Amino acid sequence: MLDTQASESTTEMTQAKISARNVQVFYGDNHAIKDVNVDIEDKTVTAFIGPSGCGKSTFLRCLNRMNDTIDIARVEGEITLDGEDIYDPKVDPVQLRAKVGMVFQKPNPFPKSIYDNIAYGPRIHGLARSRAELDEIVENSLRRGAIWDEVKDRLHAPGTGLSGGQQQRLCIARAIATEPEVLLMDEPCSALDPIATAQVEELIDELRKNFSVVIVTHSMQQAARVSQKTAFFHLGNLVEYGETGQIFTNPRDSRTESYITGRIG
Amino acid sequence: MSMGDTPRKGSLLEPDARTRRRNAAEARFHLYGLVAVCLGILALIVLLSSILSNGLSSFRQAYVTLEVSLPEDRLDKSGVRDPEVLAKVSTFGYAPLIRDAVGAEMERLGIQIEGLNEKDAGGIISNNAPARLRDHVLANSDLIGGTVTMTFLANGRIDGYFKGRVTMESAERDKNVSPEQLQLADALKEAGTLTRPFNWAFITAGDASENRAEASGLGVAILGSLYMMIVVLVLALPIGVAASIYLEEFAPKNRITDLIEVNISNLAAVPSIVFGILGLAIFINFAGLPQSAPIVGGLVLTLMTLPTIIISTRASLKAVPPSIRDAALGVGASKMQAVLHHVLPLAAPGILTGTIIGLAQALGETAPLLLIGMVAFVAEYPAAPPEGFFDPASALPVQIYNWTQRADPAFVERASGAIIVLLVFLVSMNALAIFLRRKFERRW
Ligand SMILES: Nc1ncnc2c1ncn2[C@@H]1O[C@H](COP(=O)(O)OP(=O)(O)OP(=O)(O)O)[C@@H](O)[C@H]1O
Ligand SMILES: [Mg+2]
């Protein structure tokens, strides 16, 4: 279905999983995202890169309306998921977030058992009809989160008792347990060692078969390795968006070039 | 030698003037702190020891065991044991029986005391005794014609004699007790007729009037306090927690919620007597609820406790890291689910602690209860809940206040004893709060 040969200049609107038009985000008077237009494709890994504080997390949080929880945040413009406006008053953000999962910048496991951490989402969405099915979902998710081997003997130990990197992989496993269509990952590997990072990247690559993945990262190498599309943000603007290969080898904007070669950041 | 260029700042072994001054200031501060703590502890020790030394004796009480004969010709001339006829004999009819029983006991033990007439000998038994005997007889009319062995309270002055409150010298001047009576008490104690067991009645009995201090107890007050605490817990906890959850998690942050917030904090600082006036005006005068009833006391104390619970609940909700809420929302939980499944359980220990401390405050509160008539004399137990909530009852702190107002020195001792009981309740509640906090404290 997906025409991988399509150049970004002729990206067709219909193929976009998520498309954002003229998105503005304000934190009170702080204009954090300025007029961002982007189409995120299905079955693709999209990387958001850019210097610290440029609004990557902010924009990511718009995509599943997590900004709703911040009182002073105000979002303008239009974001559609499969052609439906996610900011429509009729949309229940709860349903949206079941479709658009999220892994946060800081690992935030529930202070419950490892098992319950994973099982919570499937439970509230009624994804498992029996205990056995739930067990299966938990095991599968932990496997895909590349943490099964480390925790299989202590599923009922508290999730907060894991190391930082393990907690982050637990959170990834938790996010995929609800089978979202889009997975938003905010620097998922910032607390991980190279081995776990490699495992997570492998996971992302595998998730791409079924989902669309958006990943925020500070590692150029990681963006280059895992993503097909890359978006470069700078001071709240989306400076450049295109094929990852093109962005890294032949950036059109001088700011992009300076950033990826390490001259601004 | 090579160091010759760098200026030396003096020896490390010799503190310079500035360091010495700083150390001296620190030492002084240390001392102030120590003095303050010592003063606090000293005050506590003085307070506790005075209460304990005054009040501990109220947990022992002098009792006299007598064999009372119940002659038929005095209690039931007709001999038909008709309860209505039996009830016609008042307590005055029973008083001579007790007097006779004391005389008989003296005869049995061969006690003879110069200048002690029969009436005074009977006076060593509490004024409460005839009524107890009458109740017992009315309940067991088959006893009439025989004898019954009962344990009666000794008169308050006799009890006070064994506690050191009354002495032979003071008895000379006291028209309520004579040295001869004290001699009799000594003799009876010698013989084992007069004993001083643990005073359960002090904890279980109702209040008693001025001239029978020995019969008074805290039963009604404890029950009344318990009923009020039930009302407070049932009302204040759910209302307080619901209000806090709404304010903390759902309410938009705007002028109105700011105003509510400020007012709740103000409410916590309102003097408790104001709540009493409010309760009098609203619950009694307007809503027509009965005076002296635990339900009204409970409602007033609920108003007082609510701010405490709301403030502590909001603090514990705030202490739950927002990342937990994000995590729940992120997997598609609704706001309500995020709060109920994740935030509330984490905040529960704090809420519980706040609630217990609020209850402890309410338990010790006196002023508002005086205004709603809880200060009345109540000797009867309130019924079992829920009807009992509307029966007159007393409350522990009010009972203490009440007893300190009475003339008989026996009540001073009982007031201190009641303070001990109240303190035991308060300390155990606070200990429970600390225990729960320690037990359920979680880290994330
Ligand atoms: N909750 C908030 N309230 C107010 N301002 C915020 C909030 N979150 C972010 N901002 C502001 O929005 C801007 C963008 O922040 P954002 O977190 O999106 O940056 P980022 O690109 O994710 O940075 P990093 O790479 O360091 O995570 C910053 O100027 C920040 O100060
Ligand atoms: Mg960020």
Side-chain angles (χ1 to χ4, degrees), chain A residues 28 57 60-61 63-72 92-112 116-127 141 158-161 167-168 170-181 183-186, chain B residues 243-262 313-353 436-444:
Chain A
S57 299
L60 198 70
R61 291 166 65 93
L63 302 182
N64 70 345
R65 288 185 59 175
M66 280 303 285
N67 281 335
D68 289 13
T69 61
I70 301 172
D71 283 319
I72 54 168
D92 185 349
V94 171
Q95 246 175 317
L96 171 69
R97 289 181 202 133
K99 285 186 169 200
V100 184
M102 181 150 199
V103 176
F104 295 84
Q105 194 162 352
K106 272 182 271 171
N108 56 354
F110 299 127
K112 298 185 182 230
D116 286 335
N117 260 283
I118 308 293
Y120 181 68
R123 266 195 200 123
I124 59 174
H125 297 301
L127 299 185
S141 310
T160 37
Q167 289 187 10
Q168 188 61 299
L170 180 67
C171 292
I172 295 173
R174 181 177 65 191
I176 55 185
T178 51
E179 298 287 330
E181 299 170 21
L183 188 60
L184 310 176
M185 304 175 108
D186 197 347
Chain B
S244 325
I245 290 181
Y246 178 75
L247 284 175
E248 197 58 42
E249 306 282 339
F250 295 99
K253 302 274 173 288
N254 56 26
R255 288 247 175 128
I256 298 175
T257 44
D258 280 353
L259 200 73
I260 292 176
E261 201 161 311
V262 170
T313 302
R314 293 191 63 184
S316 7
L317 289 174
K318 243 189 217 122
V320 176
S323 64
I324 299 288
R325 295 176 182 81
D326 284 349
L329 296 177
V331 295
S334 67
K335 214 161 177 182
M336 198 72 212
Q337 284 174 325
V339 171
L340 291 185
H341 296 164
H342 299 286
V343 179
L344 204 54
L346 290 174
I351 297 174
L352 226 54
T353 314
L436 288 174
R437 190 163 55 210
R438 290 269 162 82
K439 177 141 197 242
F440 295 109
E441 211 169 42
R442 291 223 229 176
R443 302 185 196 297
W444 45 73

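In the text below, chain A, chain B and the rest are named by the order of the sequence lines, each starting its count at 1. Quantities reported herein were computed from a predicted structural model and do not represent experimental measurements. Side chains are part of it too, since the values below use all heavy atoms of this structure and drop only hydrogens, waters and symmetry mates.
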Worksheet item: Out of curiosity, A:D92 CG to B:S334 OG, how far, rounded to the nearest 0.5 Å?
Response: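 Spacing of CG (A:D92) from OG (B:S334) equals 8.0 Å.
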Which side-chain N or O atoms in residues 321-330 of chain B pair as donor and acceptor under 3.5 Å with protein atoms at least two apart or in another chain?
| unit_1 | atom_1 | unit_2 | atom_2 | d |
| --- | --- | --- | --- | --- |
| B:R325 | NE | B:E249 | OE1 | 2.9 |
| B:R325 | NE | B:E249 | OE2 | 3.2 |
| B:R325 | NH1 | B:V320 | O | 2.9 |
| B:R325 | NH2 | B:E249 | OE2 | 2.8 |
| B:R325 | NH2 | B:L317 | O | 2.8 |

Worksheet item: Who pairs with A:D116 by salt bridge (charged side-chain N to carboxylate O under 4.0 Å, His left out), at least two apart in sequence or on another chain?
Response: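 Residues passing salt bridge (charged side-chain N to carboxylate O under 4.0 Å, His left out) with A:D116: A:R123.
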Practice prompt. Apply ring pair (Phe, Tyr, Trp, His ring centres under 6.0 Å) to A:H125 and list each qualifying residue two or more places apart in sequence or on a separate chain.
Written response: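 Counting only residues at least two positions away or on another chain, A:H125 forms no ring pair (Phe, Tyr, Trp, His ring centres under 6.0 Å).
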Worksheet item: Do any of residues 63-71 of chain A have a heavy atom less than 4.5 Å from a heavy atom of chain B, and if so, which, in residue order?
Response: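 From residues 63-71 of chain A, the residues near chain B are A:M66, A:T69, A:D71.
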Worksheet item: B:H341 and A:F110: aromatic ring centres closer than 6.0 Å?
Response: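 Ring-ring flag for B:H341/A:F110: false, centres at least 6.0 Å apart.
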